[in-house]
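In what follows, chains are A, B, ... by sequence order, proteins preceding strands, each numbered from 1.
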Amino acid sequence: MAAIAEPTTGIKKNYLTAIQEALAEEMARNSDMICLGEDIGILGGAFGCTMGLQDQFGPQRVIDMPISEAAIVGSSVGMALNGKTVMAEMQFIDFISCGFDQIVNMMATYHYRTAGEVAINVTLRGPAGGYGGGALYHSQMNESWFCHSPGLKVVVPSTPYDAKGLLKACLRDPNPCLFYEIKQLYRDSKIAEVIPDEDYIVPLGSAAIRRPGTDLTFVTYGQNVYHCLQAADILAEKGYSAEVIDIRSLVPLDEQTILESIKKTNRVVVVNEAPKTCGYAGELVARINEFAFEHLDAPALRVTRLDTPVPWVQPLELFVLPSVEKIVETATRVLRF
Amino acid sequence: MAAIAEPTTGIKKNYLTAIQEALAEEMARNSDMICLGEDIGILGGAFGCTMGLQDQFGPQRVIDMPISEAAIVGSSVGMALNGKTVMAEMQFIDFISCGFDQIVNMMATYHYRTAGEVAINVTLRGPAGGYGGGALYHSQMNESWFCHSPGLKVVVPSTPYDAKGLLKACLRDPNPCLFYEIKQLYRDSKIAEVIPDEDYIVPLGSAAIRRPGTDLTFVTYGQNVYHCLQAADILAEKGYSAEVIDIRSLVPLDEQTILESIKKTNRVVVVNEAPKTCGYAGELVARINEFAFEHLDAPALRVTRLDTPVPWVQPLELFVLPSVEKIVETATRVLRF
Amino acid sequence: MAITASQTNPPQSNLLPDGEPLPSSQLSKEDHLEILRQLYLARYFDVRLIKEKKRGRLRGTLYSSHNQEAVLVGSLFGLKGTDWISPIHRDMPAFFMKDLRAGWDNNDRIGLTIEQVCCQVWGKQDSPGRARDNWSHIGSKSKRIIHSTSMLAGTIPVAAGVVYADRLNGGDAVVLTYNGEGSTAQGIFHEAINFAAVHKLPVITIVENNHWAYGTPTNLEYSQEDFARRADGYGIPGLIADGQDVFDVYDKVMMAVNHARAGKGPSIIECKTYRAYGHGDHDDDRAANYRPEYDAKATYKDDIEHARRDPIDVCKKKLVSLGFITQADADRHVCEYKSADKTKDEDFPPEVVAYLKRGVEYAVKNPVPPAEEGGMWVFRE
Amino acid sequence: MAITASQTNPPQSNLLPDGEPLPSSQLSKEDHLEILRQLYLARYFDVRLIKEKKRGRLRGTLYSSHNQEAVLVGSLFGLKGTDWISPIHRDMPAFFMKDLRAGWDNNDRIGLTIEQVCCQVWGKQDSPGRARDNWSHIGSKSKRIIHSTSMLAGTIPVAAGVVYADRLNGGDAVVLTYNGEGSTAQGIFHEAINFAAVHKLPVITIVENNHWAYGTPTNLEYSQEDFARRADGYGIPGLIADGQDVFDVYDKVMMAVNHARAGKGPSIIECKTYRAYGHGDHDDDRAANYRPEYDAKATYKDDIEHARRDPIDVCKKKLVSLGFITQADADRHVCEYKSADKTKDEDFPPEVVAYLKRGVEYAVKNPVPPAEEGGMWVFRE
Ligand SMILES: Cc1ncc(C[n+]2csc(CCOP(=O)(O)OP(=O)(O)O)c2C)c(N)n1
Ligand SMILES: Cc1ncc(C[n+]2csc(CCOP(=O)(O)OP(=O)(O)O)c2C)c(N)n1
Ligand SMILES: [Mg+2]
Ligand SMILES: [Mg+2]
């Protein structure tokens, strides 16, 4: 289940290290870059993503903010308006709702409102996702709200290589980006990998084929990439060859890679962990319908979280989230349609 | 283009009057009901929806709130927790983003978190929608954010009859409801209609067929019901018979009525005015795909706002919003597929 | 409680070191005359727009700044071009009055031109935002004006960020943010002021207390007699200015500006004034209905009486008393105490009328942007 | 600045009419003994959980209330059962200590049982929220405990709504909301306090100032020496209590409660204390690293020194001085100044140990709710 990365030799790095490196390297490279967030300086971040940054770059450029998500976003916008590159951390992506207005109405629209005069180079990043017993407010995948707010780019890396390359891409992109980190992957040694020492980016809007296949396409991202890979293993035992596409970037979306795959497989299952209604999985189904309808031999189906919050204790949490079994089950229905 | 309503005789009432009546009648009927919002008392509301309510029921039950959307939502939740029925007005639905966290994390989840102990009977309502030159912050249809937040019911009436009946249904429903009023319809005399004097409700989760047809189904709601009806007229001239379904209630959704229609027409176009990506139109396409794929002779396509904010001046605004022409054009593509 | 020019909020108020003269006492005769001209200009802009709207020539809502001109002129007059401002709906004249002291027709001054502002009001393509958002939701990075959204108080954190960045760059810019007293109830107001206070950022928040927020009076908005008192809770100065007296506003703002530029941090300046008309022009009739009764029994009755003094009248009296103009000069163009429909162009100095005429004529001829622009600039490519 | 019990914030502080005795002076000997028992109980709950967690028996994060027990016991002791509370992460004992004065084993008392709270901690089905959300995110309508989300300060408006409704119904309930000092930076804190102040709602906000918000010290959270000063800006009383002295907390809270019940509105009570461990148990090691250095040079160094007095020790000294217990009584069970791993059950009174034992045993045996419950109760049908 190893992620696909540039083949290099060296020590394997985990997802967290990849993020730490991206931030430290960009801070060193760009003296106009500022980091801000709750507990990112003295503490180094709740998960340690900014560990050591304040020592290296000083408290002016690595700011421990009051617990004020709206002011964190708003002041990031102001810094960017005045020429800075800003990384703002949400301690958990769940708390982004407290800064919601500033994101969707102030930040997202700035370039549009000013007819292109002002681009806001802010990357908002934070730990996201379920499967860890975090319960309602430490498990969310709420990317759909922001995909539905024109002017924001939305990115969800699933591997250390991508985490570093996409984070750098966001920090260099002139537009506001939301960067969802899968916190269950931070220290997952199974996905640790060797990543290049040289500077690199992964361009926004390019999907990755994590496993090639011919009978069915899984379109997914984040934590569920791994569930789909496992499902593909199980399907392989049953004689089906499933392709797994990790879209990585939701806005912009690489439609081409999905289309090419569906042309080949004619069947598709979309998997994500957000609530079903109005989630990005539905968007993928609607788009596939638009650009690949004539290639479909079966309906494109979704495996998502139920339309519930994420409950705490394990049996409940797993009941509502996508699982390998649910994915296999849905894939089998699509294959047999 | 008259809306379909219970046939009765009497004077015609507009959409605004229907809302005023619903609120006044429910306040009279339910002494545990409280209304709160900005400028709803002394002024009677920015659009006059609560005109006269404070005189009739007093400032304790009709509260002029400080400009604090988050506190409006949060205190509504508290009142409901302590047994009250609450109507909270957002002066424009656009400002709901300032109370976002309290809606999606506090209000929506209360029943779930308490394993059913506490139901929060709050109806959040406010003027919504474009086509009026309201620009970015007085034109939004942001219902998708809330459809994606489990625990909220979401309703969008398009006629005076429905406005009154659905608002009463929301106020009597134990769950939190979001009620989107189409402000361009408030005083639209073309849709004024006779509505019953007797108490009635329109149940949540039931769609209305605004025009029967056999060749194509429009699934829509809000302002675009009227655009679809006009599009159906134009298509009729070209020899196509289009059915127009006004879903009225987004959560819960009446899937049955949509399915029955598609079984008959085998073709469907979904129309709404929210941004395309992750909007409710995409959700409808994804669901139709799930429950009616085998009945589709063409892809279900969307006509939505472009993925942009709503700009101010008219040519720009109409460029980004759905129009009769765009609907006819897409319907024609689907019919010829 | 009546307002006096010297009234400030203990214990943070004394920003002026003992014995130092009031900033306004340093203004030249020419400055005084210019201030009066600017008051005329702000008033005329409003009057003209009200008339245009009544004639059906403008779309949208008009939020009149009538009777609140001293707040704008007094606060803007002492700024440097490199300072930032963040006006909102009732501050429309601020957009072209920024840095006006540098010369009304100086192409290098750091404020929008009257042509640009008129194009915005008329919804034309040479508006700085190409008429993509309405009324006051414009700005300009190069002119140091922050672009607000509708969401009240939402620019204060942005303003804080702007000057944070400026300070990092070694700059000494301050930022003035304008807010109605009603807008202070927004959570973001608190978050932003608190952040600015912690970092001693040069953020000066002008609270234009016109005693109504749309249809809601101050006693339902907050529970202090003097809003300025809120400042002390953040450990920052809270000043009260007589919003009808352009020189008192100037003094309080300059004290706060000097404090801020010296690295001592933010302040809040409550300018007591009164809204002349309805909330917007759509509200004039209703406001005429709901306000008088309420005001008559309000605890802030004295404030309102005080704020009924026309700022142009107050300014003229000062200039006459200083001997900078004669009573005959003062009586040459009389627009004070007249509602828009009662004024004629002759009630304003000709240079004021001419200035605005230029803007309006430009705007009327300027085209509406092409439809396709609606789909453009969502992202920087 | 060291804290003294009498220190309050002028000019709003004097809630006690002249000559009236301090509320704590009215407490009986039995009350004093009960207060000490409750301090032991709160401490033991924390100690026990820390040990269980270390043994790997609990999931999730544990936010220790060690050293802050006087805030909880002192604030809860004088409430009526019909009053509401809104505890957050660091107030876990409050859930079962509400109305405990009505009898630890009184089935009619209006607080959660120790069994329910233990079921919540252990993630079992008899948790009042059926283990759907973790740690302190529970409550009970019938027990008058507001259910928080994680979002800090988010229950204050809810609390305001609860008492608004109660007042409409003719009730006289007050509500105590608990917040860390860091949480006060949230916009909703401001919106809710402002709303409560405008309507004179009986909302008492306890600010547990333990001088750290996760890894952020107070000087980066707000810019006042005494947070309580913030209250004055809302025209409401702001009191400072010595958070180590259960009787001072009791006095300040009861003054605020009496004020609120008399219809005079909300207050803020800043309880100065200090966080014993890391933010959560996952943070203990890091906190040990980052805090001492910072604290040593902090302006609030005196506060911290002051807050190192163990509240159980402070309480015992008072009881000895009043003659309610002997020094031998005080020395019978000594848990004060001991970290969790240094304490044994013998350091606590046996009834305390027994009470908790009952809760833990119940919870351990109680089943985890069935998986399907994950899909239930999204809506009330
Ligand atoms: C967040 C938000 N809520 C509500 C509104 C609607 N609104 C626009 S102006 C206004 C009143 C503002 O009053 P105040 O701040 O006193 O300014 P004034 O109009 O008196 O100058 C309201 C409620 C808004 N623009 N933003
Ligand atoms: C809105 C929001 N932002 C961030 C967090 C993450 N968070 C949880 S506790 C905490 C620190 C709280 O500090 P304080 O309020 O002082 O309480 P203490 O833990 O010291 O008792 C933070 C930042 C949160 N829960 N909610
Ligand atoms: Mg006002
Ligand atoms: Mg703290």
Heavy-atom proximity to chain C below 4.5 Å, by part of B:L306: side chain
Pair count under 4.5 Å, heavy atoms only, with chain C: among B:I42, B:V320, B:I63, highest is B:I42
Give, as side chain, backbone, both or neither, the part of C:L220 having an atom under 4.5 angstrom from any heavy atom of chain B. both
For each of C:G215, C:A371, C:G154, tally heavy-atom pairs with chain B at distances under 4.5 Å, and name the one with the top tally. C:A371
Cross-chain donor-acceptor list, chain B and chain C, 3.5 Å limit, no angles:
from: B:D39; atom 1: OD1; to: C:G215; atom 2: N; distance (Å): 3.0
from: B:D39; atom 1: OD1; to: C:T216; atom 2: N; distance (Å): 3.3
from: B:D39; atom 1: OD1; to: C:T216; atom 2: OG1; distance (Å): 2.6
from: B:G45; atom 1: O; to: C:R286; atom 2: NH1; distance (Å): 3.0
from: B:A46; atom 1: O; to: C:R286; atom 2: NH2; distance (Å): 3.2
from: B:I67; atom 1: O; to: C:Q186; atom 2: N; distance (Å): 3.4
from: B:I67; atom 1: O; to: C:Q186; atom 2: NE2; distance (Å): 2.7
from: B:S68; atom 1: OG; to: C:A185; atom 2: O; distance (Å): 3.0
from: B:E69; atom 1: OE1; to: C:Q186; atom 2: NE2; distance (Å): 2.7
from: B:W312; atom 1: N; to: C:R132; atom 2: O; distance (Å): 2.8

Can you tell me how far apart CG (B:L316) and CE (C:M376) are? Round to the nearest 0.5 Å. 9.5 Å
Heavy-atom pairs under 4.5 Å with chain C, option from B:P309, B:G44, B:A46, B:A70 with the top count: B:A46
Applying salt bridge (charged side-chain N to carboxylate O under 4.0 Å, His left out), can you list everything that pairs with B:E283, at least two apart in sequence or on another chain? A:R302, B:R287
Taking all non-hydrogen atoms of both residues into account, name the closest pair between B:P66 and C:A185 and its distance. CB-CB, 3.7 Å
Checked C:G182, C:A131, C:P370, C:G375 vs chain B; the most non-hydrogen pairs under 4.5 Å come from C:A131
